[in-house]
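Here the structure comes first, spelled out in structure tokens, and everything after it is commentary.
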Amino acid sequence: MLDGKFFANLLWGPTHSFPNTRKGPDTLPWEALTRCVLILGSPSSGKTRWMAKHTLDYAKAFPDRPIFILDVRGGLTKEVLRLVLLEPPAVREALTKRLRLDVLGHADYVLPTPEFSLDYGWEMEEQVERVAGNLEKLNPDLIEKNPTMGKIPIEEVGKNVFRVLGAIRDDIGENWQLTEAKRFVMEDPIRRWAVAKFGGFVPGAKWYFEEFFSQMSAPERHKRTSALISVLEVIETKFIRAKLGYSKPAWTPKQAIEQGQIVFVDGSGMANLVTARDYLFMQAYTLIKGEIDRRMADDPRNKHVILMLDEGLSMLKIPSMALEISDMPSQNRARRLQFYIALQELNQVSKELRPSLWTFGNIICFAMTNMDDAKVIAEQLFPYVPEKIKLPAKVDYQQPITEVHTGQNVLLANQIQNLRHRECIIRTLKNERDREDFLRWVPRTTEVPQDEANVWEFKEWLLKQHGVPIRQALKEISSRHPGGSKPTERPTT
Ligand SMILES: Nc1ncnc2c1ncn2[C@@H]1O[C@H](COP(=O)(O)OP(=O)(O)O)[C@@H](O)[C@H]1O
Ligand SMILES: [Mg+2]
């Protein structure tokens with residue numbers, strides 16, 4: 001369009017007309033990160049490249065700090081790894097030592113993360129609570145609509161089953177895992193053996209099975225266990241069995257924090273197994289978040305931890321998750337969690353969570369093509385400026401006509417919809433406490449190198465470095481059986 005903006009662009013380069021906004025860089029002050037970071041933008045607006053560059057700059061600036069990236073679609077993982085490969089050799093090697101790549105659904109390798117392991121540094125009971133909580137969060141319909149059929153099987157039967165699984169010790173001193181839960185519930189001899197031999201370590205669970213569960217009629221027992229069995233169906237694929245069943249974790253949040261590791265959970269290989277993928281992301285999230293929650297507030301020994309949730313995480317749509325996530329911006333400073341959420345559209349999070357997004361201290365907003373979203377964002381980011389004159393007064397005794405609030409908002413929303421590729425608005429802080437006086441307008445995000453790198457090969461190499469062959473993991477799991485003698489050949493179904 002041949003308007004004023006067109007000529008202004010020709011003379012001074014691109015400009016903008018957002019109120020209270022000045023041209024600025026696309027880097028965030030590191031001290032501001034504990035106030036949470038929200039990245040918004042429609043597909044291919046430049047989010048992933050910005051996040052990858054930001055992550056890499058941060059990783060280089062803080063060699064001892066951990067970064068956790070939960071990346072459902074795998075795009076961010078790929079991009080960070082590409083940038084790592086393009087670094088000079090010394091930097092690349094230092095970064096590579098810190099990388100742990102958990103590729104969900106890989107055909108040959110797995111980074112095991114058993115649910116019940118003392119390697120995480122938690123009490124077994126904390127893991128029992130965490131796993132039961134996750135099963136409940138992932139199956140809200142079951143829990144809310146029918147407490148007897150839904151909540152009891154998980155709260156009562158499930159927790160007691162998990163307690164005994166965690167107490168069992170096999171030949172090599174390892175406990176059993178979630179992969180054995182179904183057999184434990186369904187096969188009476190196994191349960192009797194386990195409870196008799198190891199129940200002493202978990203007296204409450206022992207009592208439950210010996211005095212209560214075993215006295216139930218078959219139909220009653222079925223009623224109490226069928227929902228548990230059905231929610232556990234999610235872990236029946238080979239990959240998940242290997243991941244959850246192998247007894248030694250390949251990475252733990254505790255160790256990652258101590259050693260400043262950069263942990264990626266890449267879900268791109270499980271696009272066709274959505275429920276199972278949701279389970280594994282919930283697991284990773286609760287392991288990491290749980291580790292942070294165990295911290296003492298304001299302990300100077302707490303290391304800063306980045307936890308990034310890239311777009312596509314269905315967990316954010318679960319209403320019951322809203323409560324704990326909405327606390328983050330106010331709670332995080334004391335525990336030094338630097339929490340990031342990236343979204344394509346606001347409806348990628350639950351209605352319950354949406355209002356809390358605006359309490360995030362850092363907001364990077366690229367073009368948002370959805371008009372409703374753009375309006376909400378405009379309203380949240382920009383103050384109403386009544387002086388913004390729409391029509392100047394024609395004669396000096398006439399009042400100028402000002403833009404009313406809704407009108408101003410629509411104009412701003414239009415501008416947000418029409419931000420160019422890689423153009424964005426940033427709201428950030430000067431330090432951990434105070435907002436910057438102005439919003440920043442970034443005409444174009446910092447360039448990242450475009451060179452190709454063999455990310456695929458690098459991923460395979462990383463997996464082999466830190467993972468376990470799936471065959472080996474499954475072999476260990478199938479050798480678990482009462483008594484701990486040689487596995488009997490049983491037909492695999
Ligand atoms: N900072 C950048 N430097 C170079 N190219 C970029 C940059 N940001 C975006 N691009 C280009 O735009 C494309 C889309 O960007 P991307 O970050 O993947 O968008 P989104 O994550 O929002 O979908 C990239 O594949 C790349 O070609
Ligand atoms: Mg992207």
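First listed ligand is number 1; within each ligand, the first listed atom is number 1. The figures that follow rest on heavy atoms only: side chains count, while hydrogens, waters and symmetry mates do not. Every value quoted in this text rests on a predicted model; they were computed, and no experiment measured them. One is the number of the first residue; the rest follow in order along the sequence.
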- Message: Within the 4.5 Å heavy-atom criterion, are R82 and L86 side-chain neighbours or not?
- Response: yes
- Residue pair D71 / T77, side-chain donor-acceptor N/O under 3.5 Å: yes
- Thinking salt bridges, do E126 and R130 make one under a 4.0 Å N-O criterion? no
- Message: Checking a contact table here: which protein heavy atom is nearest atom 23 (O) of ligand 1, and how many Å away?
- Response: S44 N, 2.6 Å
- Note on the structure: atom 18 (O) of ligand 1: closest protein heavy atom, distance to 0.1 Å, is T48 CB, 3.9 Å
- Message: If you apply the rule side chain to side chain donor-acceptor pair (under 3.5 Å), what do you find for R49 with Q450, and how did you get there?
- Response: CA-CA 10 Å; R49 296 264 159 141; Q450 296 286 2; 3.0 Å; yes
- Mind listing the closest non-hydrogen atom pair of N431 and D434 along with its distance? OD1-N, 2.8 Å
- Task: Could you see which bit of R422 sits under 4.0 Å from ligand 1, with heavy atoms only: side chain, backbone, both or neither?
- Result: side chain
- Item | Proximal ligand 1 atoms for P43, defined as those under 4.0 Å from one of its heavy atoms | 23 (O)
- Message: Distance check below 2.8 Å: does T48 bring an N, O or S atom to the Mg ion (ligand 2)?
- Response: yes
- Task: Please work out whether the ring planes of W30 and Y58 are parallel, tilted or perpendicular, with thresholds of 30° and 60°.
- Result: perpendicular
- Message: For ligand 1 and V448, I'd like to know whether there is a polar contact (N/O to N/O, distance under 3.5 Å).
- Response: yes
- Message: I'd like to know whether ligand 1 has P449 as a neighbour, heavy-atom separation below 4.0 Å.
- Response: no
- Do any heavy atoms of G41 fall under 4.0 Å from ligand 1? no
- Using a 4.0 Å heavy-atom threshold (strictly under), name the region of Q450 that reaches ligand 1: side chain, backbone, both or neither. side chain
- Item | Lys/Arg-Asp/Glu bridge criterion (N-O < 4.0 Å) met for K303, E258 | no
- Task: Taking the side chain as every heavy atom from C-beta outward, state whether D108 and P469 have any atom pair closer than 4.5 Å.
- Result: no
- Identify the closest protein heavy atom to atom 1 (N) of ligand 1: which residue and atom is it, and at what distance? T446 O, 2.8 Å
- Task: Give the contacting part of S45 toward ligand 1: side chain, backbone, both or neither, where contact means a heavy-atom distance below 4.0 Å.
- Result: both
- Query: Where do T252 and D119 land on the side chain to side chain donor-acceptor pair (under 3.5 Å) test, with the steps shown first?
  - Reply: CA-CA 7 Å; T252 66; D119 289 359; over 6 Å; no
- Note on the structure: among protein heavy atoms, the one nearest atom 11 (C) of ligand 1 is H421 NE2, 3.6 Å
- Nearest non-hydrogen protein atom, atom 16 (P) of ligand 1: G46 CA, 3.8 Å
- Item | Atom indices of ligand 1 within 4.0 angstrom of S42 heavy atoms, with elements | 22 (O)
- Message: Under 4.0 Å from a heavy atom of T445: which atoms of ligand 1 are those, numbered in the order shown and with their elements?
- Response: 1 (N)
- Answer with yes or no whether the side chains of T445 and D26 bring together a donor and an acceptor at under 3.5 Å. no
- Task: Report yes if R49 has an N/O atom closer than 3.5 Å to an N/O atom of ligand 1; otherwise report no.
- Result: yes
